[in-house]
Amino acid sequence: GTRIIYDRSFLLKMRNSPIAS
Amino acid sequence: RTRSLEPIDGHHRLQYTYCIWYSRRTPGKLTNPLTYDQSLRIIATFSTVEQFWSVQSYLLRPSELSGHSDLHLFKDGIKPLWEDDANKEGGKWIVRLRKGLASRCWENLILAILGEQFMVGEEICGAVVSIRSQEDIISVWNKTANDSITTIRIRDTLKRVLNLPLNTIMEYKTHNDSLRDHSSF
């Protein structure tokens, strides 16, 4: 099936999203 | 064990749910497996990118851990033990790091695992960073030790994401061998 792939830069960008902090 | 976090609307789901485990090892080779099993603690569970960063913000970084400590990132349902059903036919790539590199390498590795960058289907079981006195060791565990195409692909991805010097020595060890010689590395 389809796999959920995220690249490093996207994941790092998400570090600062308000929902994660 | 901690409660499993349910994904929240608007969060970015990961391919799998993961658990972070922590353990402290008694120095020496002959660690009693039962004692080791009992020393393992799940300290976080997450299944979205947002939950992961929330967990990361309060976890100690590998370089901040003291003594013989191990941090493990494993798929939910797989215990970081050689004997676990998902691991018993498997093995791991071992990378020895000089002091000072573990935190950066560990984060790069975690991001690659969570983001499914290894492209080896269900093969990745988890990864461990082991803090020792002279060096730190990162290992990536996979399900099928005798699947050489997969293990080579894992090695190549690992080299790329850790961004290590070309002469870094990487060693593969099957969990069967670890069980036989009672030694992880």
Side-chain angles (χ1 to χ4, degrees), chain A, chain B residues 5-18 20 44-59 61 73 75-76 103-124 127 143 150 153-154 157-164:
Chain A
T2 318
R3 300 184 82 79
I4 307 169
I5 295 169
Y6 298 113
D7 67 20
R8 184 172 181 276
S9 58
F10 174 79
L11 290 173
L12 286 172
K13 201 174 68 186
M14 291 294 292
R15 168 181 251 159
N16 301 316
S17 83
I19 207 164
S21 53
Chain B
L5 290 169
E6 287 303 314
I8 300 162
D9 282 351
H11 276 211
H12 294 76
R13 276 210 80 129
L14 297 167
Q15 178 71 38
Y16 299 96
T17 299
Y18 290 89
I20 306 250
T45 303
F46 54 88
S47 55
T48 70
V49 177
E50 288 82 354
Q51 287 166 348
F52 162 68
W53 283 122
S54 161
V55 163
Q56 271 296 86
S57 68
Y58 70 76
L59 282 187
R61 293 158 66 79
L73 170 85
K75 286 176 181 166
D76 187 29
S103 292
R104 178 179 61 83
C105 288
W106 179 240
E107 185 168 285
N108 285 339
L109 174 60
I110 290 182
L111 296 182
I113 292 176
L114 302 184
E116 285 290 312
Q117 296 291 317
F118 280 88
M119 304 290 199
V120 287
E122 308 281 313
E123 270 291 321
I124 301 286
K143 263 187 188 142
T150 290
R153 185 175 285 184
I154 293 171
T157 307
L158 193 52
K159 271 186 185 168
R160 179 168 55 81
V161 302
L162 294 188
N163 196 19
L164 295 166

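Counting heavy atoms from C-beta on, the side chains of B:W53 and A:L12 come closer than 4.5 Å. Counting heavy atoms from C-beta outward, B:H12 and A:F10 have side chains that approach closer than 4.5 Å. Here the side chains of A:I5 and B:M119 are in contact, with some heavy-atom distance below 4.5 Å.
One distance of note links CZ of A:R8 with CG of B:L114; it measures 13.0 Å at 0.5 Å rounding.
Smallest separation of non-hydrogen atoms from B:R13 and A:Y6: O-OH, 2.6 Å.
With respect to A:R15 and B:E107, a salt bridge is recorded, a charged nitrogen being found less than 4.0 Å from a carboxylate O.
Between the side chain of A:R3 and the backbone N or O of B:E116 there is no donor-acceptor pair closer than 3.5 Å. Using modelled atom types, one side-chain atom of B:Q15 and one backbone atom of A:I4 make a donor-acceptor pair closer than 3.5 Å.
Heavy atoms closer than 4.5 Å to chain A are found in the side chain of B:Y16, but not in its backbone.
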